[in-house]
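Below is one structure, written out as structure tokens; comments come after it.
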There are 2 protein chains.
Amino acid sequence: MTMQRPDELFLKRVFDYYFEAPLSVWATITPHLEHRTYKKNKVIKEAGQTEHNIDIIIKGSIGVFFWTDNHPRCIDLFYEDYFSCDYMSYIEAKPSELFVQVLETTDVFSISRTKIQELSEESLMGNKIIRAAAQSLFLHKQRQQIEMLTLTAEERYKKMLKEQPDRIHRTASKHIASYLGITPESLSRIRNKVS
Amino acid sequence: MTMQRPDELFLKRVFDYYFEAPLSVWATITPHLEHRTYKKNKVIKEAGQTEHNIDIIIKGSIGVFFWTDNHPRCIDLFYEDYFSCDYMSYIEAKPSELFVQVLETTDVFSISRTKIQELSEESLMGNKIIRAAAQSLFLHKQRQQIEMLTLTAEERYKKMLKEQPDRIHRTASKHIASYLGITPESLSRIRNKVS
DNA sequence: AGCAAAACATATCATAGGTCAAGTTTTCTG
DNA sequence: CAGAAAACTTGACCTATGATATGTTTTGCT
């Protein structure tokens with residue numbers, strides 16, 4: 001994808017599942033999106049900093065982490081056509097312990113809190129879109145929670161392997177392990193056993 | 001509390017932490033709230049049903065559960081001055097596997113999806129309030145997730161005991177255990193060890 | 001008050017997954 | 001393209017928590 005300017009169809013496609021709005025609405029938003037390319041491994045938001053942007057991933061992947069002891073722990077993996085940010089810090093507009101790292105060279109459309117506030121101040125529609133995003137992120141979190149309580153590590157891995165095989169193969173094992181809530185050693189054993 | 005009619009101060013107090021609005025705004029909402037009293041142990045929303053209301057708890061407590069094998073698992077405990085509902089089902093407006101049970105005789109102000117939609121259709125402010133609620137629920141979920149990954153069962157219990165001793169004592173051990181992600185037996189051992 | 005049922009406690013044993021340590025393979029970087 | 005560093009694998013051992021079983025206390029109901 002060589003797109004440098006967002007077009008309204010892209011936005012519509014990303015949001016359609018959560019929130020349907022006419023093309024004209026997306027067209028009013030697109031001029032406020034900023035195209036960015038992040039290099040692999042770049043930390044785009046450090047722990048202790050405040051998140052000021054929401055990125056919509058065009059291509060690539062981004063992880064949200066925090067440190068425990070000497071290891072980073074991954075609480076979210078985001079891929080194309082989904083939002084990425086430290087939403088906790090974004091909502092509260094204050095620093096969080098989370099950091100955000102780019103996992104592959106990644107293209108995003110980025111929008112700032114300031115722009116979002118403008119859009120949601122001036123239009124009901126803008127506000128509804130933000131709400132839809134917040135709700136989608138909540139759903140994602142709760143589904144994660146239920147999976148964590150319901151499935152064993154092996155079952156979680158198999159599920160991911162079945163539902164998102166491409167993502168498993170694109171993403172470093174250590175991150176997949178961490179996202180699944182286990183150590184790289186445990187994942188290695190599981191992979192060995194499963195395949 | 002013998003309140004039968006909500007007053008705007010109540011709403012303001014509940015939301016102030018997340019979203020500040022003038023009293024007049026809360027006054028426009030209060031007429032749409034319905035006062036309800038639920039008896040202890042009542043299941044107010046069964047698994048397989050769709051959630052159509054959001055309750056704001058005045059007094060009492062409510063839990064959100066799902067079934068695994070033969071045991072209910074608790075994913076949320078809500079107390080006074082907070083929202084309670086199966087938000088997953090509410091957002092998607094479709095049935096979920098979750099059920100909602102009253103843990104003590106509980107007073108709430110209840111508002112229906114229909115009313116919420118009306119309010120958020122007609123006013124920007126209404127919409128912002130809903131968004132604030134969605135964000136608050138997201139934050140709560142993410143904090144739960146981080147605690148679960150960071151702390152041992154014993155640490156989680158100690159934290160809750162320290163920060164919300166009244167809640168621990170008001171709520172059945174089996175629910176606390178489930179909420180902390182462990183069995184009642186494990187909690188029993190931990191309590192024995194800690195005290 | 002008195003009985004049944006549910007909740008809670010305690011003990012024993014089982015196991016998923018963690019920790020540590022020593023390879024091997026892959027990926028960067030000059 | 002070589003050497004270093006990082007990622008991944010494998011193995012031995014450990015521990016927190018689950019499962020099961022049984023006993024005790026509390027709660028709820030007529």
Side-chain angles (χ1 to χ4, degrees), chain A residues 38-43 60-61 63 65 67-74 77 101-105 145 147-161 167-195, chain B residues 38-43 60-61 63 65-74 77 101-106 145 147-161 167-195:
Chain A
Y38 300 126
K39 286 239 180 75
K40 179 168 177 173
N41 294 327
K42 176 164 175 83
V43 174
S61 52
F65 303 84
W67 284 96
T68 350
D69 309 312
N70 309 307
H71 305 285
R73 301 276 283 177
C74 178
L77 291 175
Q101 185 169 22
V102 175
L103 307 180
E104 304 167 288
T105 298
Q145 180 187 29
E147 267 197 19
M148 206 67 176
L149 291 170
T150 310
L151 306 179
T152 63
E154 185 175 333
E155 289 167 334
R156 273 174 267 147
Y157 175 72
K158 280 184 185 161
K159 185 162 189 278
M160 192 168 180
L161 192 59
R167 292 178 177 186
I168 287 230
H169 295 118
R170 276 163 63 185
T171 310
S173 279
K174 58 174 182 174
H175 295 141
I176 298 287
S178 183
Y179 182 67
L180 293 174
I182 56 178
T183 58
E185 292 91 332
S186 285
L187 180 56
S188 190
R189 265 170 242 145
I190 288 171
R191 301 176 77 157
N192 205 22
K193 192 172 159 191
V194 166
S195 61
Chain B
Y38 299 126
K39 286 236 181 76
K40 180 169 175 171
N41 295 327
K42 179 166 173 82
V43 173
S61 51
F65 303 83
F66 66 92
W67 284 95
T68 351
D69 309 312
N70 310 307
H71 304 285
R73 302 275 282 178
C74 179
L77 291 176
Q101 185 169 23
V102 175
L103 306 180
E104 305 168 288
T105 297
T106 295
Q145 180 187 29
E147 267 197 19
M148 205 68 175
L149 292 170
T150 309
L151 307 178
T152 64
E154 186 174 333
E155 288 167 335
R156 273 174 267 149
Y157 175 71
K158 280 184 185 161
K159 184 162 189 277
M160 193 169 180
L161 191 60
R167 293 181 176 184
I168 287 231
H169 296 117
R170 278 162 65 184
T171 310
S173 281
K174 60 174 181 174
H175 294 142
I176 299 286
S178 183
Y179 182 68
L180 294 175
I182 56 179
T183 58
E185 291 91 335
S186 285
L187 180 56
S188 192
R189 260 171 283 174
I190 288 170
R191 299 177 79 157
N192 203 22
K193 189 171 158 192
V194 167
S195 62

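Just so it is clear, the values below take in all heavy atoms, side chains as well, and ignore hydrogens, waters and symmetry mates.
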Using whole Å, report how far [atom1] of [X] lies from [atom2] of [N].
| X | N | atom1 | atom2 | result |
| --- | --- | --- | --- | --- |
| A:R191 | D:dT10 | CZ | P | 11 Å |
| B:E155 | D:dT15 | CD | C1' | 14 Å |
| A:L180 | C:dG18 | CG | P | 11 Å |
| B:L149 | C:dG18 | CG | P | 11 Å |
| A:L187 | C:dT19 | CG | P | 15 Å |

**Study point:** Residues which pass salt bridge (charged side-chain N to carboxylate O under 4.0 Å, His left out) with B:E185, listed by chain and number, not counting sequence neighbours
**Key:**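 If we apply the salt bridge (charged side-chain N to carboxylate O under 4.0 Å, His left out) test to B:E185, skipping adjacent residues, there are no hits.
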
Check your understanding: Does the side chain of A:E154 reach to within under 4.5 Å of the side chain of A:K193, using non-hydrogen atoms?
Key ->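 A side-chain contact exists here, since the closest heavy-atom pair is under 4.5 Å.
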
Exercise for review: Would you mind reporting whether A:I182 and A:I190 have side-chain heavy atoms less than 4.5 Å apart?
Suggested key: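 Yes, their side chains come closer than 4.5 Å.
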
**Study point:** Partner set under side chain to side chain donor-acceptor pair (under 3.5 Å) for B:S188, not counting sequence neighbours
**Key:**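 Result, side chain to side chain donor-acceptor pair (under 3.5 Å) vs B:S188: none returned.
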
Between side-chain atoms of residues 66-74 of chain B and protein atoms elsewhere (two or more places apart, or another chain), which donor-acceptor pairs fall under 3.5 Å?
{"residue": "B:R73", "atom": "NH2", "partner": "A:L149", "partner atom": "O", "Å": "3.4"}

Give each protein N/O atom lying under 3.5 Å from an N/O atom of nucleotides 17-22 of chain D, with the pair distance.
{"residue": "D:dT17", "atom": "OP1", "partner": "B:A153", "partner atom": "N", "Å": "2.9"}
{"residue": "D:dG18", "atom": "OP1", "partner": "B:G181", "partner atom": "O", "Å": "3.4"}
{"residue": "D:dG18", "atom": "OP2", "partner": "B:T183", "partner atom": "N", "Å": "3.2"}
{"residue": "D:dG18", "atom": "OP2", "partner": "B:T183", "partner atom": "OG1", "Å": "3.2"}
{"residue": "D:dG18", "atom": "OP2", "partner": "B:S186", "partner atom": "OG", "Å": "2.7"}
{"residue": "D:dG18", "atom": "O6", "partner": "B:R189", "partner atom": "NH1", "Å": "3.3"}

Contact list (N/O, under 3.5 angstrom) for nucleotides 4-7 of chain C vs protein:
{"residue": "C:dA7", "atom": "OP1", "partner": "B:K174", "partner atom": "NZ", "Å": "2.3"}
{"residue": "C:dA7", "atom": "OP2", "partner": "B:K174", "partner atom": "NZ", "Å": "3.2"}

Short heteroatom pairs, N/O only, protein and nucleotides 26-30 of chain D, under 3.5 Å:
none

Exercise for review: Ignoring backbone atoms, establish whether A:N192 has a side-chain N or O less than 4.0 Å from OP1 or OP2 of D:dT9.
Suggested key: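 No, because none of the side-chain N or O atoms of A:N192 sits under 4.0 Å from OP1 or OP2 of D:dT9.
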
Practice item. Kindly compute the distance separating CD1 (B:I176) from CZ (B:R156), expressed to the nearest 0.5 Å. Key: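 Between atom CD1 of B:I176 and atom CZ of B:R156 there are 13.0 Å.
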
